[in-house]
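Quantities reported herein were computed from a predicted structural model and do not represent experimental measurements. Proteins get letters first, then strands, A, B, ... in listed order; numbering begins at 1 in each. Every heavy atom of this structure was used, including side-chain atoms; hydrogens, water molecules and symmetry mates were not.
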There are 2 protein chains.
Amino acid sequence: MSPLPRDAAAFTDLILEVFQLNGLLLQAGDRLSAPAGLTSARWQVLGVIDHGPATVAAVARTMGLARQSVQQTADALASDGFVTYVENPHHQRAKLLSLTAAGRRALRKVEAAHAAWANRLGASLAPGLLSAAVEGVREARLRLEKDLTPEDGAHET
Amino acid sequence: MSPLPRDAAAFTDLILEVFQLNGLLLQAGDRLSAPAGLTSARWQVLGVIDHGPATVAAVARTMGLARQSVQQTADALASDGFVTYVENPHHQRAKLLSLTAAGRRALRKVEAAHAAWANRLGASLAPGLLSAAVEGVREARLRLEKDLTPEDGAHET
DNA sequence: CAAGGATTGACAGGTTCCTGTCGAATTGAC
DNA sequence: GTCAATTCGACAGGAACCTGTCAATCCTTG
C-alpha cells in the first residue's frame with residue numbers, strides 16, 4: 001500500500017526478475033547437463049576441479065556454498081564414478097576431489113553444449129543491454145554482500 | 001578453454017552473477033521475515049493471498065511454482081496459525097487459503113521491514129544502473145523462457 | 001613441544017523446491 | 001444427462017541447499 005520510492009520499487013523489480021531468471025537458468029542447466037548424466041549442481045562442482053584437484057571445503061568456498069552441501073554433491077559424483085578422492089599430501093584427512101576420465105569426458109560434453117547454448121542466447125541479446133545487466137547485477141550483489149555482513153562471526157562462515 | 005565469443009562470455013557472466021545475487025536475496029529475505037516468524041517462501045505465499053483468499057493451486061500458478069511445493073508451505077503456515085483453510089463455494093474439495101489476523105499482522109511487519117530495506121538498497125545504486133539491470137535481466141528471462149518452451153505438454157506443467 | 005584455535009569430514013535433521021501417482025471433484029462435449 | 005478430460009488435494013520420494021554438532025587434524029603461539 002504505502003507507495004515505495006522509485007529506487008526501492010526498481011530494486012524490488014530486480015528481485016522478482018532475478019528470482020525468475022534464476023529458476024529458468026537452473027532448468028536450462030539441468031537440460032544441458034542431463035545428456036552427460038549430470039545436473040547443474042554436479043556440473044558446477046566438476047567445473048571447479050577441472051583445473052586441478054581440490055578439497056571439498058575449498059570447492060565450497062569457491063562456489064560460495066556451505067561445505068556440507070558440496071560434500072553431498074561430491075559423494076554423489078564419486079559414487080557415480082565422475083570423481084575420486086585422492087590422497088592429499090598437505091592433509092591426512094582432507095582428501096582431494098579429482099576428476100576421473102569419465103568425469104572429464106562428461107564435463108567436456110556439457111561444456112560443448114553450454115558453449116553452443118550461451119552463444120545462441122548471448123547473440124540474441126543486444127550487447128549493450130547484456131553488459132549493462134551484468135554490471136547492474138554485480139553492483140547490486142556487492143551492495144547486498146556488504147549489507148548482509150554484520151560482522152564476521154568467529155567460526156564457520 | 002575454447003574461447004567463447006564475446007556475447008556468450010557476457011551471458012555466462014550474467015549467469016554467475018544471477019546465481020550469487022539470488023542466494024544473497026534469499027538470505028536477505030529470510031532475515032527480513034524472521035522477526036515476524038516467517039521465511040522468504042512463507043512470506044511470499046502470504047503476499048499472494050493478501051488481496052483475497054485463493055486455492056493452493058491458484059497461488060502456485062501465481063508464483064510460478066509447482067502446486068505441491070505451495071501445498072507444503074501452506075500447510076506449514078496453517079499449522080503455525082498464519083493461515084486457515086476456508087470453505088470454497090465453487091469447489092467442495094479445494095478450500096481457500098485465507099489470512100488469519102496473526103498472518104496479516106506478520107505480513108504487515110515484514111512488508112514494513114522490506115520497504116525500509118529496499119529503500120536503503122535501492123537508493124545506494126545509481127538509478128540508471130538499476131533500471132538497466134532490470135531491463136537486461138528481463139530481456140534475458142524472456143529469451144530464456146522462449147528457449148525453454150519446446151511445446152506445452154498436455155498435463156500438469 | 002604443548003596448548004588453543006581454526007579447519008575439515010562425517011553425520012543428523014530441516015527447508016524449499018521438484019516429479020510422479022492416486023482418487024475425488026469439477027467442467028466440458030456430446 | 002452422461003462420460004471423458006482436466007483440475008485438485010494428498011502422499012511418496014528425491015535433489016540441492018541450509019544449520020548445528022562432533023572428533024580428528026592441522027597450524028599458530030608461546
Nearest-angstrom distance from the residue atom CG of B/L65 to C1' of D/dA16: 16 Å

Taking the nucleotide of DNA chain D with the closest heavy atom to each, which residue, A/R93 or A/T73, is nearer the 5' end? A/T73

Determine: side-chain N/O of A/R67 to OP1/OP2 of D/dT21, distance under 4.0 Å, yes or no. no

So which one's nearest nucleotide on DNA chain C is more toward 5', A/V56 or B/Q44? A/V56

Side-chain N or O of B/S69 less than 4.0 angstrom from OP1 or OP2 on C/dT16? no

For the pair made of CD in A/Q92 and C1' in D/dA23, what is the distance, rounded to whole Å? 14 Å

Between A/L26 (CG) and D/dC17 (P), how many Å, whole number? 8 Å

Side-chain ion pair, B/R138 and A/D13, N-O less than 4.0 Å: no

I'd like to know if A/R108 and A/D50 make a salt bridge, using a cut-off of under 4.0 Å between side-chain N and carboxylate O. yes

May I have the step-by-step check of side chain to side chain contact (heavy atoms under 4.5 Å, CB included) for A/L107 and A/F82, ending in yes or no? CA-CA 9 Å; A/L107 180 56; A/F82 291 116; over 6 Å; no

Nearest-neighbour nucleotide for the A/A66 side chain, D/dC18, D/dC8, C/dC18 considered: D/dC18

So, are B/R31 and A/D147 salt-bridged, with charged N and O less than 4.0 Å apart? no

Any N/O donor-acceptor pair, B/Q68 side-chain to C/dG20 base, under 3.5 Å: yes

Value in whole Å for how far the C1' atom of D/dC8 lies from OH of B/Y85: 12 Å

Over 12 foreign heavy atoms within 6.0 Å of CD, A/Q20: yes

A/Q71 CD to D/dC22 C1', in whole Å, measures 14 Å

Please work out if A/S40 contacts a base, only the sugar-phosphate, or nothing of the nucleic acid, heavy-atom cut-off 4.0 Å. nothing

N/O (side chain, A/H91) to phosphate O (OP1/OP2, D/dC26) under 4.0 Å: yes

C/dT16 OP1/OP2 closer than 4.0 Å to side-chain N/O of B/R42: yes

Nearest-angstrom distance from the residue atom CG of A/D75 to P of D/dA15: 13 Å

How close or far is atom P of D/dA12 from atom CD of B/Q72, stated in whole angstroms? 12 Å

For the pair made of NE2 in A/H90 and C1' in C/dT8, what is the distance, rounded to whole Å? 15 Å

Picking from C/dC18, C/dA25, D/dA16, the nucleotide nearest the side-chain atoms of A/T39 would be D/dA16

